[in-house]
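No experiment lies behind these values; they were computed from the predicted model shown. Chain identifiers are assigned alphabetically (A, B, ...) following the order of the sequence lines, protein sequences preceding nucleic acid strands; residue numbering begins at 1 within each chain.
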Amino acid sequence: MAFPSVRALTGVSISFEEGEVHAVVGENGAGKSTLMKILGGVQKPTAGTVLVDGKPVALGGVRDAQKHGIVMIHQELNLVDELTISENVFLGHELTKAGLLDRAKMSELTEGFLQQVHATYSPQQKVGELSIAGKQLVEIAKALALNASVLIMDEPTAVLSEPEAESLFELIGKLRAKGTTVLYISHRLPEVCAICDRVTVLRDGAFVATVQAKAATPSELAGLMVGRPLSEFFPPKSSSPEAAPILELDNIGGATLTVRPGEILGLAGLVGAGRTELAEAVIGIRPIGEGSIKIDGKPCRIRSPKEAMKHGIAYVSEDRKHLGLHLSLNVIENVTMANLRSYGEVVINQKSERESAETWKSDLDIRAGSLTEETVYLSGGNQQKISIAKWLEIKPRIIILDEPTRGVDVGAKREMYNLIQKLASEGMACIVISSELPEIIGLCHRTVVMRDGKIVGELKGEELNEEAVMHLAAGVAAA
Amino acid sequence: QGGGGGGTASGGGSSSVAAGGKRFKIGVSIPAADHGWTAGVKYWAEEAKKANPDVDWVIQDAKEPGEQISGLENLQTQGVDALVILATESAPLTPIAEKLHAAGILIVNVDRGFTKPAADVFIEGDNKAFGRKSAEFIVQKLGGKGKVAVLEGIPCTVNTDRVNAAKEVFKANPGIQIVAEDSGMWNREKAEKVMTNMLVANPQIDAVWASDDDMALGVESALKAAGRDKNTWILGGGGMKEVVKRVMDGDKMYPGNITYPPSMIAYGMQTAASMLKVGKDTAKKYTPGHVMIDVSLITPENAKNFYFPDSIY
Amino acid sequence: MKRNNILTEYGALLALVILFVINVITRKGNFLQIENLRNLVSQNAAVGIIAVGMTLVIISGGIDLSVGSMTAMCGAAGILLVNKFASSGMSPNMAILLAVLGGILIGAFSGFVNGFIIAYGRVAAFVVTLGGLAGFRSIALVLGNGGEIRSTVPALQDFGFGGIPIPFVKNAGGGSVDFYWSALIFVLVAIGAGFVLNRTRFGRYVIAVGANQRVAEYSAINVQTVKLAVYTILGGLVGLASVLVGARMNSVGTGSVGLYYELDAIAAVVIGGTSLRGGKGRIWGTVVGVLLLTLIANMLTAFSIDTNWQGLVRGIVILAAVLIQRGRKDND
Amino acid sequence: MKRNNILTEYGALLALVILFVINVITRKGNFLQIENLRNLVSQNAAVGIIAVGMTLVIISGGIDLSVGSMTAMCGAAGILLVNKFASSGMSPNMAILLAVLGGILIGAFSGFVNGFIIAYGRVAAFVVTLGGLAGFRSIALVLGNGGEIRSTVPALQDFGFGGIPIPFVKNAGGGSVDFYWSALIFVLVAIGAGFVLNRTRFGRYVIAVGANQRVAEYSAINVQTVKLAVYTILGGLVGLASVLVGARMNSVGTGSVGLYYELDAIAAVVIGGTSLRGGKGRIWGTVVGVLLLTLIANMLTAFSIDTNWQGLVRGIVILAAVLIQRGRKDND
Ligand SMILES: Nc1ncnc2c1ncn2[C@@H]1O[C@H](COP(=O)(O)OP(=O)(O)OP(=O)(O)O)[C@@H](O)[C@H]1O
Ligand SMILES: Nc1ncnc2c1ncn2[C@@H]1O[C@H](COP(=O)(O)OP(=O)(O)OP(=O)(O)O)[C@@H](O)[C@H]1O
Ligand SMILES: [Mg+2]
Ligand SMILES: [Mg+2]
């Protein structure tokens, strides 16, 4: 499989057995999605064949793949915001009665699929109104409706928080019992080891190994992925800084918190807890309502990202494809987008622009064919690095990282953690919004937990453990 | 195809004599056919072309003045000996005409006159007379008293000339009341809609002054549809064959019409061709510089003189 | 926000109602005449039929600038067909029926060509149909030698001005008032299209393709076919409309018929609340948009607004109608 | 794949070169005349200047259908200004200069109004400028009372047909051949816009807003200001172009000048390879597009193509130019 500038896959041969849960792992850009897209009929291989039940099949399109029972849940969401959940679930295979859409029947069935994924939405709700996680659940419901014999899930848990992920695993278990083959892609190696039967590792588009999941440990898999052993995952925490708070939020939609220079503050919570909304209020994209914001102890008004930037606040969005990056622009243009003024008030100094991009490329180990490549062609992890570079460019004093490691491979994750540590040690205040508890625990000095837009608790030091966070987030009395 | 010969012997291009075998090239520039009358112009231009196969004709049209100017420039670089121009608008085409005239090209201006003497021959249709005569006819037919609806055309000089002249006449007759006025864009469909709305708003309309026969036919449709074709009559203009036929047949709805023959373009082309053939300078000695084509009132009595069943218009 | 939502949803309707009431109040004498109301529905029936098809195209994420020229072309062909059939000894009604079908077929084929280049040639709809705007007009001019093509079948015009009598209503002269065929067809087309859009699988696909083409592809929807279909349907409706126009005029001026229909139709669609970005829209809104435009023209004549000023009034009304119903986050 | 990329990138240029060569070969006698070549650049200078501004608007994700009407309005105002200034005893050149500035200001203000409603009123550009198409024409007609507005300053016309002599070149009569001011201004405007688009911060923002408005917002770019700016710039360029048109005609026909400029300008932009979806585009492509359209018109005259057929030829050429340069994944 080749794209204009890269060879995405070379000579990969894997076989999947009936009723197994088979994980495919690898670094960002290893070619996992590309391989799966070939199976899903979305991309055509330049060479090679796909065999189903031992017979070669031509997968010319999604419809062909579905004919052979192959259904794919894509890495990026594929739903029509304007349509309702039920309409999305049955998109492309609507039920009809006398040539007309049988809405009642589809609604009823949708209700059932939603229950299977433990979602409580009404089938009549517009998908556009759901959070990313909610959409992901709808995606899974949509795949269930197709009654697949081979179900491909490309990073389904990337946008789910723990409880939802758990219910997904339960569902996968049920599917396996029914004889469905599940191909599972994830960067969360512990869950891969826990729920899968076998694991195939890809590196640079080539096959590395297939191992029994139960016999492997996450760090072994990580080693196979990057081609060398990986040391300790989280860098050691520095001691909590004592400096005066740099940012104080008072009653922003019910949330009150402070963060100090050099501090890494975790913002935990279940999906839809309102963390993103809070962050967007801080940078002036949403109204802050009654509340107030103080910086360096002085009250200030922030009504736009521009004003936020003036106060040294940067926000790296969780939704890098739609809010983080200009996918049709190249690496350089994206990296300097927020900080363009410092490359020239009127005329841009393209040379120094390129030099900065070079620096970020090597500092963050961004893997791109060239700096003038459109970012749409980069893998998710590399896109994430670019959107972080874009905000580090403005040399912020406070950076809010919303799900910074979503869809990012282990190697890059480690680099990301190191980076955040380094930024903090240089005196930057870092707010890390994350749904991955290990990350919150391993990285943050202090963590506040949100539920329904409000801060429901604060944990630090010894009291900061997964159980405590979960209890607060889910609203069950703390142990 | 030009025969062999000539070559170096004949002098500069523009003052050429009808030397043996020299074919003249004449450009014809007209407005795009966006209503019946302009389509008639195109038709008559083609007729004149057919009638003069010994000349290389290049006929081009334009939707707006800028395009027409460009077209004229292109004709110049192709080395035309003469240009017959029916301007989309008078004043905007004047500068380029002056320039081409200065470059030695014979210019025949048809219908819409340049604002400066840039043409060798100007063949004019008298739009003010069109407006005046048609309005006078209405006044006279109504006995100086009645309700009139006015349908204007596409906003441009021609329209303004006609409408203003007509309104002056109406104004001079206090018994005449203009009860409705709107533009039918010299378009049958648009005129039908506008008239339909006028009829609803005005329970009594005695006569409709429509500045073009396309619109007259649209008005008729509207009258018929509203069942008001008995009490209202129409005066269109342009001498479209259908309408002339109706006048000829004594149709009550069309008591008269005003000529404004699109064939004037053919006359202009003929003039240009024959002037080149005898030699421009010679011909200019006896060709009138200004020809006014009579705008005549068509009545049932004289209608057969204006009826050309084979014409497209 | 509640208020905002109602305006977003029903802004155009509200604008129509307000203008209507203004007319009722200020034009006591003549506005509420049954003929006038009938005219409001019928005068733009042709543009309305086209606008309904345009709504589908726009919802699918496309646009068609060629409909005006296509109207002239199909209308010209339609009249030529009527003449031909009638002169071959067919009954006038039969000839008209066949010409209507012929017009629809020619239109559908033209739309198919547009759609084919857009869907399979992967060229922006705007450009393809800009080419069509020039091309179809040119074909019409060639057919009519630049002039008018006239029907030789008087029954055609009777059809154009015929209709079904509106019950219990008499006009000033005591005769019955007909609800024109064209208006009736417009209403039926709108109902049919609304039905297709909201109740059928195809309608759902049109929305999906317009909302997000990749999602549609990944959902095993044949995006190309859907696109091809909407342009073909629009073409067919243009063909239908063109024959209705030809019937009413008993002729087709090949240089003049259909001028600016594309802008009128698109304006009606947009006024009706369908977003030019595709992915959502409503047929009833388009109908409201058409009625609004017709009502404005009706008023301009009734109040004898100077022709020079009319464009300004029209522009402002279009803008106002869209402004009141814009969503808070809406933008192109 | 390589081949495809070259066509995508340089398809329009290739089309231009091919047509050029065809002309050179078949029209030995007159095509390569210096006047003819000069005309190719100058004839659509006004549309070209507008198309350059339109390129920025389209890259920013917008569109402007009002430019034709705006040309008439600004042109009318410009002529009125020249007359006024000259009659107040100012030197003709000064009067012209001030009128040019006045035209630009009026245009910029009109563009500002468009942009303001689009950016802050959050209404689709297509609709706003559709309103402008009707509205500005109407204002022009009111200014000119439906007819022409004539300049009383002969120097205006001299300016319209004046220019700088092309060095070393003599025409048939031995005189110098002028490279018209309008053409020169077109070239300068294109170079300037190319510089702004590719080298300046503002240009980058225009691209960013067109590529993804929300990402631009999150990147602390003032999206509204950028939109406002591109429409204002386009308006100013329309004003400039309108005075050049008026100078060449020494008058402005308020009902006819500028008709279809919007379609010509948009066609040029699209032929030049700028996508109507926004987010990317190129000024040089637009210049090529304008030259291509001019060359086609030039050829249609030269080969004496029947006027009825010309639209078809034009439509096909537009389509072909776009077809050869479409990307593999490109679609509207
Ligand atoms: N449409 C495309 N055009 C060009 N290159 C592409 C395209 N899609 C993917 N690639 C490249 O192919 C390679 C494999 O990409 P792929 O999306 O399969 O990676 P992945 O393993 O799924 O990574 P991630 O974990 O980040 O999702 C990458 O180098 C990527 O940049
Ligand atoms: N565009 C939207 N329209 C309506 N509701 C929304 C929208 N975006 C978010 N919400 C709702 O607002 C609430 C808070 O969402 P937010 O995205 O801030 O949560 P979060 O804690 O960041 O969770 P996530 O992990 O999903 O990002 C949720 O109930 C969500 O469903
Ligand atoms: Mg992937
Ligand atoms: Mg979030």
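Both the backbone and the side chain of Ser70(B) come within less than 4.5 Å of a heavy atom in chain D. Residue Asp264(D): no heavy atom, backbone or side chain, is found under 4.5 Å from chain B. When heavy atoms are compared at a cutoff of 4.5 Å, Phe31(D) does not approach chain B at all. With a 4.5 angstrom heavy-atom cutoff, Lys116(B) touches chain D only via side-chain atoms. When heavy atoms are compared at a cutoff of 4.5 Å, Ile96(B) approaches chain D by way of both its backbone and its side chain. The contact between Leu141(D) and chain B is made entirely by side chain atoms (from C-beta outward), counting heavy-atom distances below 4.5 Å. Contact annotation for Val245(D): neither backbone nor side-chain heavy atoms come within less than 4.5 Å of a heavy atom of chain B.
Per-residue counts of heavy-atom pairs under 4.5 Å with chain D were compared for Lys63(B), Glu46(B), Glu73(B); the largest is that of Glu73(B). Between chain D and the options Pro31(B), Gly27(B), Ser90(B), heavy-atom pairs under 4.5 Å are most frequent for Ser90(B).
In terms of heavy atoms, Val252(D) sits closest to Pro92(B) at C-CG, 4.4 Å. Across all their heavy atoms, Pro65(B) and Met249(D) have their closest contact at CB-CE, 3.5 Å. Across all their heavy atoms, Ser304(D) and Trp57(B) have their closest contact at OG-O, 3.4 Å. Smallest separation of non-hydrogen atoms from Ile59(B) and Thr307(D): O-CG2, 3.6 Å.
Note that OG1 of Thr88(B) and CG of Leu259(D) are 9.5 Å apart. Values are rounded to the nearest 0.5 Å. The distance from atom OG1 of Thr94(B) to atom CG of Asn250(D), rounded to the nearest 0.5 Å, is 8.0 Å.
For the residue pair Ser256(D) and Glu64(B), no side-chain donor N or O sits within less than 3.5 Å of a side-chain acceptor on the partner. At a cut-off of 3.5 Å, with distance as the only test, no side-chain donor of Glu35(D) or Thr77(B) sits close to an acceptor on the other residue. Neither side chain, Gln43(D) nor Glu67(B), offers a donor N or O lying under 3.5 Å from an acceptor on the other.
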Audit row: Gln310(D), Gln60(B), side-chain hydrogen bond (donor to acceptor under 3.5 Å, both in side chains) steps and yes/no: CA-CA 9 Å; Gln310(D) 292 193 359; Gln60(B) 57 168 219; over 6 Å; no
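Between Thr301(D) and Val58(B), some side-chain heavy-atom pair lies under the 4.5 Å cut-off. A 4.5 Å side-chain heavy-atom check between Lys42(B) and Asp306(D) finds at least one atom pair inside the cut-off.
Salt bridge Arg112(B)/Glu148(D): absent, no basic N to carboxylate O contact under 4.0 Å.
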